[in-house]
Amino acid sequence: MPQHIHTTAQLRSALADLLFAELGNFANNQPAIWVEPPSTPKGGASGGVEVSISRFKNVSSSSLMLNNQQEQRYEWIVAVKLYERTPEAYSKFNSAIEKMRRYFPRRRETVSPYSEEENLIATFRLSELEVINSYV
């Protein structure tokens, strides 16, 4: 991630800024970006995409051979969801995916297959690497 994001709050802020034009609103007019748990407000977002961020990042560590340093890899799961089926909504979904791809070059992603029964969901696994000193 370009800005060395290490906390969920930093990630939420970065995504809110990045996807401002694509985000929909929940029924209470709150921007449709949410950190889970708790679960997102019911009913889905209208007027754009909904973004949910897993509150708990995955962390893996490995020791480096030099100067008692450790490498820590963080990984967050972010889902971009589309509830409406209008040309404008599809355009916002496409735009959100493209922005995520450009802003987070180190990622894995899955876009769910389209069906009449299921909503479109793009899931991104965003990773960050940090080298820390591990003097005991």
Side-chain angles (χ1 to χ4, degrees):
M1 288 183 251
Q3 298 176 341
H4 303 292
I5 297 170
H6 299 295
T7 68
T8 307
Q10 290 171 335
L11 178 59
R12 187 205 179 283
S13 177
L15 289 174
D17 291 344
L18 177 68
L19 301 176
F20 177 78
E22 290 78 21
L23 285 176
N25 291 310
F26 292 123
N28 61 1
N29 286 330
Q30 177 183 358
I33 185 166
W34 196 262
V35 177
E36 296 180 335
S39 60
T40 58
K42 300 297 180 209
S46 62
V49 300
E50 174 187 305
V51 175
S52 61
I53 304 163
S54 176
R55 180 177 302 277
F56 305 107
K57 61 188 171 194
N58 298 311
V59 180
S60 63
S61 295
S62 58
S63 294
L64 300 175
M65 299 294 286
L66 185 60
N67 297 331
N68 292 325
Q69 291 182 327
Q70 279 192 325
E71 175 184 87
Q72 285 195 340
R73 291 190 179 274
Y74 304 114
E75 183 179 72
W76 282 273
I77 298 173
V78 175
V80 178
K81 303 171 191 173
L82 182 66
Y83 292 98
E84 297 176 332
R85 296 171 186 259
T86 65
E88 180 185 358
Y90 288 123
S91 177
K92 287 185 177 188
F93 185 76
N94 290 338
S95 177
I97 290 172
E98 289 304 316
K99 284 182 176 181
M100 292 289 290
R101 288 174 177 164
R102 283 193 311 268
Y103 193 79
F104 300 103
R106 291 188 306 256
R107 71 183 183 291
R108 289 183 287 164
E109 67 178 83
T110 305
V111 179
S112 65
Y114 175 80
S115 77
E116 293 295 326
E117 297 81 33
E118 299 294 323
N119 295 316
L120 276 174
I121 300 175
T123 304
F124 294 88
R125 297 177 77 90
L126 308 177
S127 65
E128 171 68 29
L129 173 67
E130 182 180 25
V131 176
I132 59 172
N133 293 320
S134 59
Y135 296 108
V136 181

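This chain uses plain numbering: 1 for the first residue, then up along the sequence.
Shown here is Y90, whose OH atom has more than 12 heavy atoms of other residues, nucleotides or ligands within 6.0 Å.
When the options E22, E118, E50 are evaluated for a salt bridge (Lys or Arg N to Asp or Glu O under 4.0 Å) with K81, the one that passes is E50.
Inter-residue side-chain proximity for L19 and K92 is flagged as unmet; no heavy-atom pair is nearer than 4.5 Å.
Between the OG atom in S54 and the CD atom in E36 there is a gap of 8.0 Å [rounded to 0.5 Å]. Note: I121 CD1 to L82 CG = 10.0 Å, rounded to the nearest 0.5 Å. Taking CD1 of I53 as the reference point, atom CG of L11 lies at 4.5 Å (rounded to 0.5 Å). Taking CH2 of W76 as the reference point, atom CZ of F104 lies at 9.5 Å (rounded to 0.5 Å). Here R73 contributes atom CZ and E128 contributes atom CD; the two are 9.5 Å apart, rounded to the nearest 0.5 Å.
With sequence neighbours excluded, the residues satisfying side chain to side chain contact (heavy atoms under 4.5 Å, CB included) with S13 are D17.
Summarising the geometry of P38 relative to R55, their closest heavy-atom pair is CD-NH2, 3.8 Å, with the distance given to 0.1 Å. Heavy atoms only, all atoms of each residue included: Y103 and A14 are closest at OH-CB, 4.3 Å. Nearest heavy-atom pair across R85 and E116 is NH2-O, 3.4 Å. Nearest heavy-atom pair across I33 and F26 is N-CE1, 4.0 Å. What you find for P37 and F56 is that their closest heavy atoms are CD-CE1, 3.6 Å. Between A32 and L23, the shortest heavy-atom contact is O-CD2, 3.5 Å.
With hydrogens and angles disregarded, no donor-acceptor distance shorter than 3.5 Å links the side chain of T110 to the backbone of T123.
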Could you walk me through whether L18 and M100 pass the side chain to side chain contact (heavy atoms under 4.5 Å, CB included) check? CA-CA 8 Å; L18 177 68; M100 292 289 290; 4.2 Å; yes
